[in-house]
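All of these numbers come straight from a predicted model, not from anything done at the bench. We number each residue from 1, following the sequence as shown.
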Amino acid sequence: MPHDARPSTRRLIVAITGATGAAYGAGVLRALRELDGVESHLVVSSAGWLNVRHELGIERVALEQLAHHVHNPRDIGATFASGSFQTDGMIVAPCSMKTLASIAHGLSDNLITRAADVTLKERRRLVLMVRETPLNLAHLRNMTAVTEMGGIVFPPVPAFYNRPTTIDELVADTVARALDMFGLAAVRSRAWTGLAPARD
């Protein structure tokens, strides 16, 4: 495909790394499955798979079935390792501090960080759902570096003003807000409409 040709199907790269919060990555894949004309490309790190099994209690095949295409993190020759493969961008959900550091320093040492590097160099949207607390200075500096390169640091902070009653509701709302960054959402997040006026 020529570099300037636009695919008829929108494509989003979804990466899951070794931070807690595998539910966010699974939630992104489920939401994308509900959308017509959107193709998901999944890549999961080895630590990411550990968290998928531990936190979600599902096997590898169950998660892979949610994606349209699945890639090995060692496959540096995959389609989206090149900027000529058109995508709408990439979301890392969740994003470990190791992955954040690799992206911030342009290491491109596996398919996840290579894809993030390509996303940044092609001026496409990169959303990192970073998970760590508390944050040390290295974490903060890496977040600043990625932001200066055009990436979006998107900690999955729950919106309690929507009064969620289950963990699934918390995850779904955060996933919807993250996909809003790409103009994609199966069910759009509920926008804040303000508090009712105080009565005198």
>> Quick check: do Thr17 and Ile112 have side-chain heavy atoms less than 4.5 Å from each other?
In response: yes
>> Within the 4.5 Å heavy-atom criterion, are Leu100 and Met143 side-chain neighbours or not?
In response: yes
> Is a side-chain N or O of Glu39 found less than 3.5 angstrom from the main chain of Arg11, in a donor-acceptor match?
Replying inline: no
>> Around atom CZ of Arg74, are there more than 12 heavy atoms from other residues, nucleotides or ligands closer than 6.0 Å?
In response: no
>> Centroid separation under 6.0 Å, is that true for the rings of His41 and His68?
In response: no
> If you round to the nearest 0.5 Å, how far is CG of Asn136 from CD of Glu132?
Replying inline: 8.0 Å
> Around Lys98, counting heavy atoms of other residues, nucleotides and ligands shown, do more than 12 lie under 6.0 Å from its NZ?
Replying inline: no
>> If you define the side chain from C-beta out and look only at heavy atoms, does anything of Leu12 sit under 4.5 Å from Leu179?
In response: yes
> Just how far is it from atom CG of Asn110 to atom OG of Ser45, taken to the nearest 0.5 Å?
Replying inline: 8.0 Å
> Could you give the distance from CG (Leu42) to CD1 (Ile16), rounded to the nearest 0.5 Å?
Replying inline: 5.5 Å
> How long is the span from the OG1 atom in Thr9 to the CD atom in Gln86, to the nearest 0.5 Å?
Replying inline: 13.0 Å
> Which atom names give the shortest non-hydrogen contact between Gly21 and Pro94, and what distance separates them?
Replying inline: O-CD, 3.3 Å
> Is the shortest side-chain N to carboxylate O distance from Arg60 to Glu64 below 4.0 Å?
Replying inline: yes
>> Measuring from atom CD1 of Ile103 to atom OG of Ser108, what distance do you get when rounded to the nearest 0.5 angstrom?
In response: 9.0 Å
> Can you tell me how far NE2 of His105 sits from CG of Asn142, rounded to the nearest 0.5 angstrom?
Replying inline: 4.5 Å
>> Could you walk me through whether Asp180 and Arg177 satisfy the salt bridge (Lys or Arg N to Asp or Glu O under 4.0 Å) test, starting with their C-alpha distance in whole Å, then the side-chain angles of each, then the deciding distance to 0.1 Å, before giving a yes or no?
In response: CA-CA 5 Å; Asp180 277 346; Arg177 291 186 62 211; over 6 Å; no
> Which pair of heavy atoms, one from Thr119 and one from Gly89, lies closest together, and at what distance?
Replying inline: CG2-CA, 4.2 Å
> Are the side chains of Thr174 and Val157 in touch, meaning some heavy atoms are under 4.5 Å apart?
Replying inline: no
